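Written out below as structure tokens is the structure these notes cover.
To find a chain, count down the sequence lines: A is the first, B the second, and so on, and within it residues start at 1. Because the structure is predicted, anything quoted here is derived from the model rather than measured.
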There are 2 protein chains.
Amino acid sequence: MKSSLRSIGDTAARFGLKTNVLRHWEDVGLLKPERDGAGRRRYGDDDLVRIAVILRSKAAGMSLEQIAVLLDDDHGPQRHRVLQEHIAELDRRMEEMRRSRAMTLHAFKCEAHDITRCPHFRAMVTDVLDGSGTWRSMEPSQALP
Amino acid sequence: MKSSLRSIGDTAARFGLKTNVLRHWEDVGLLKPERDGAGRRRYGDDDLVRIAVILRSKAAGMSLEQIAVLLDDDHGPQRHRVLQEHIAELDRRMEEMRRSRAMTLHAFKCEAHDITRCPHFRAMVTDVLDGSGTWRSMEPSQALP
DNA sequence: GTGTGAGTTCATGTCGACATGAAGTCAAGT
DNA sequence: ACTTGACTTCATGTCGACATGAACTCACAC
């Protein structure tokens with residue numbers, strides 16, 4: 001098993017990232033690449049896998065902190081609970097996205113002057129409106145880099 | 001159709017939000033509630049619908065800027081394209097989440113010492129690793145408030 | 001042996017989405 | 001009249017996830 005080691009530049013380029021991103025992820029504890037004699041980072045195969053996991057998880061909207069839990073090799077009892085909670089959150093998010101998609105699709109096809117006045121459209125958000133309690137769904141934000 | 005007007009406090013409470021959030025959304029152009037004689041914000045039914053849309057869209061991981069496009073009542077020709085692009089992005093995201101869920105589920109059940117060394121797990125991210133080009137999928141971030 | 005280019009650390013800036021606080025206005029209750 | 005509480009604007013702080021820049025080291029081509 002040849003665990004060929006790559007430089008930070010090569011590794012970053014491979015994923016279309018900038019080198020400072022990899023350093024940042026290391027700062028927050030997501031990566032721990034080896035170092036050569038001169039103190040330079042050398043990325044092995046498992047580092048590549050970890051980077052792939054980070055990218056995939058980020059694409060799913062997870063924070064670096066959450067991803068850290070996923071990558072943490074601590075198999076304590078609370079880890080199971082955290083991962084379970086994690087999957088549940090992904091499911092909640094996907095459900096929200098399905099609803100959001102339906103909403104957007106209608107806004108796309110509807111010819112009403114102001115969408116917010118279309119009865120079909122209003123019907124799609126009534127649960128948010130009338131669920132007289134508090135609308136809870138903590139979520140991320142931010143845009144395209 | 002009685003368009004009962006509510007105060008910012010009532011409106012915020014109804015959605016479990018703080019008042020400054022509604023003011024912020026107004027600052028960035030997502031809301032335009034009426035004002036009473038004394039300059040206080042009065043939220044009507046369409047404002048409530050808009051808030052519901054914002055919450056639902058945020059839960060789907062969209063930025064306020066993106067949501068602004070959705071709520072914009074300009075029916076110009078480019079709007080159609082923007083909405084279409086939007087739906088496509090939601091689909092991409094959902095696909096990523098599906099993969100991410102599968103990944104997490106395996107991490108949940110796998111007993112390997114270090115997950116990144118499990119062959120099944122590695123197989124799940126090979127497309128990210130070997131898709132020799134650049135891994136593109138600009139996405140959001142951030143955590144629970 | 002001297003650039004050149006990639007690497008290093010450390011400090012500070014940016015951006016989105018609010019949070020927090022100061023200072024003042026306003027209507028309603030006692 | 002006076003306090004109380006919800007409202008107003010405007011300024012500044014926070015947090016996550018980087019971006020940017022300064023000052024330096026290192027291996028290698030020429």
Side-chain angles (χ1 to χ4, degrees), chain A residues 5-43 47 51 54-71 135-145, chain B residues 5-43 47 51 53-71 135 137-145:
Chain A
L5 301 176
R6 304 145 204 77
S7 71
I8 190 172
D10 290 356
T11 309
R14 181 159 187 164
F15 293 100
L17 299 169
K18 292 190 186 173
T19 58
N20 57 341
V21 176
L22 292 181
R23 291 196 195 95
H24 176 60
W25 289 352
E26 186 175 347
D27 284 348
V28 297
L30 293 179
L31 297 172
K32 275 141 195 137
E34 300 175 30
R35 302 292 183 123
D36 66 3
R40 286 154 166 166
R41 294 165 178 83
R42 304 269 100 189
Y43 294 83
D47 290 316
I51 293 172
I54 295 171
L55 287 172
R56 173 138 291 164
S57 303
K58 269 179 59 67
M62 294 163 48
S63 72
L64 297 186
E65 196 175 317
Q66 290 175 307
I67 298 171
V69 178
L70 204 81
L71 286 173
W135 162 253
R136 294 292 64 192
S137 178
M138 31 6 201
E139 286 301 314
S141 21
Q142 222 137 295
L144 344 169
Chain B
L5 301 174
R6 305 143 203 77
S7 71
I8 190 172
D10 291 355
T11 309
R14 180 161 187 163
F15 292 101
L17 299 169
K18 293 190 187 173
T19 58
N20 58 341
V21 176
L22 292 181
R23 290 197 196 95
H24 176 60
W25 289 353
E26 187 175 345
D27 283 349
V28 298
L30 293 180
L31 297 172
K32 277 143 195 136
E34 300 176 28
R35 300 295 182 120
D36 67 3
R40 285 154 166 166
R41 294 164 176 83
R42 305 266 100 191
Y43 295 83
D47 290 316
I51 294 172
V53 172
I54 296 171
L55 287 171
R56 173 137 293 165
S57 302
K58 268 180 60 67
M62 293 162 51
S63 73
L64 296 186
E65 196 174 318
Q66 291 175 307
I67 298 171
V69 177
L70 204 81
L71 286 173
W135 160 251
S137 176
M138 31 8 205
E139 285 302 314
S141 23
Q142 224 136 297
L144 345 169

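- Side-chain contact check for L5(B) versus E34(B): some heavy-atom pair is nearer than 4.5 Å.
- Nearest heavy-atom pair, L31(B) versus D47(B), reported as atom, atom and distance to 0.1 Å: CD2-O, 4.2 Å.
- Here the side chain of R35(B) is nearest to one of dT8(D), dA17(C), dC7(D), namely dT8(D).
- Judged as a side-chain contact (heavy atoms from CB on, under 4.5 Å), and not counting sequence neighbours, the contacts of K18(A) are N20(A), V21(A).
- For the OP1/OP2 pair of dC18(D) and a distance below 4.0 Å, the side-chain nitrogens and oxygens of K58(A) include at least one atom meeting the criterion.
- The distance from atom CD of E65(B) to atom P of dC18(C) is 14 Å, rounded to the nearest whole Å.
- Straight-line distance from the CZ atom of R6(B) to the P atom of dC7(D): 14 Å, rounded to whole Å.
- If you take NZ of K18(B) and P of dC7(D), they are 15 Å apart, rounded to a whole angstrom.
- Judged as a side-chain contact (heavy atoms from CB on, under 4.5 Å), and not counting sequence neighbours, the contacts of V69(B) are V82(B).
- For E26(A), the side-chain hydrogen bond (donor to acceptor under 3.5 Å, both in side chains) criterion is met by R35(A), R41(A), not counting sequence neighbours.
- Here N20(B) reaches the OP1 or OP2 of dA19(C): one of its side-chain N or O atoms lies under 4.0 Å away.
- M62(A) places its CE atom 11 Å from the P atom of dA17(D), with the value rounded to the nearest Å.
- Spacing between atom CG of D36(B) and atom P of dA6(D) amounts to 16 Å, rounded to whole angstrom units.
- One finds a side-chain N or O of R41(A) lying less than 4.0 angstrom from the OP1 or OP2 phosphate oxygen of dT9(C).
- When all heavy atoms are compared, the tightest approach of L55(B) to W25(B) is CD2-CH2, 3.9 Å.
- You'll find the side chain of L64(A) reaches within 4.5 Å of the side chain of H24(A), heavy atoms only.
- Of the candidate nucleotides dA19(C), dC18(D), dC7(D), dA19(C) has the atom nearest to the side chain of V21(B).
- Between the CD1 atom of I51(B) and the C1' atom of dC18(C) there is a distance of 16 Å, rounded to whole Å.
- In terms of phosphate contacts, S7(A) brings a side-chain nitrogen or oxygen within less than 4.0 Å of OP1 or OP2 of dG7(C).
- Of the candidates dC7(D), dT20(D), dT20(C), the closest approach to any side-chain atom of I8(B) belongs to dC7(D).
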| said: For nucleotides 22-29 of chain C, give me one character per nucleotide, 5' to 3': B if any protein heavy atom sits under 4.0 Å from the base, S if the only such contacts are to the sugar-phosphate, - if neither. | reply: ----BS--

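- Residue R42(B) is out of contact with every strand shown, counting any heavy-atom pair closer than 4.0 Å.
- Two residues are said to be in side-chain contact when any heavy atoms from C-beta on lie closer than 4.5 Å; L17(B) and T11(B) fail this criterion.
- Remark: P of dA17(C) and CD of Q66(B) are 9 Å apart, rounded to the nearest angstrom.
- Taking both residues in full, the closest heavy atoms of G9(B) and T19(B) are given as CA-CG2, 4.0 Å, listed atom of the first, atom of the second, then distance.
- With sequence neighbours excluded, the residues satisfying side-chain contact (heavy atoms from CB on, under 4.5 Å) with S7(A) are D10(A), R42(A).
- Non-hydrogen atoms lying under 4.0 Å from DNA chain D are contributed by R23(B), all within residues 23-33 of chain B.
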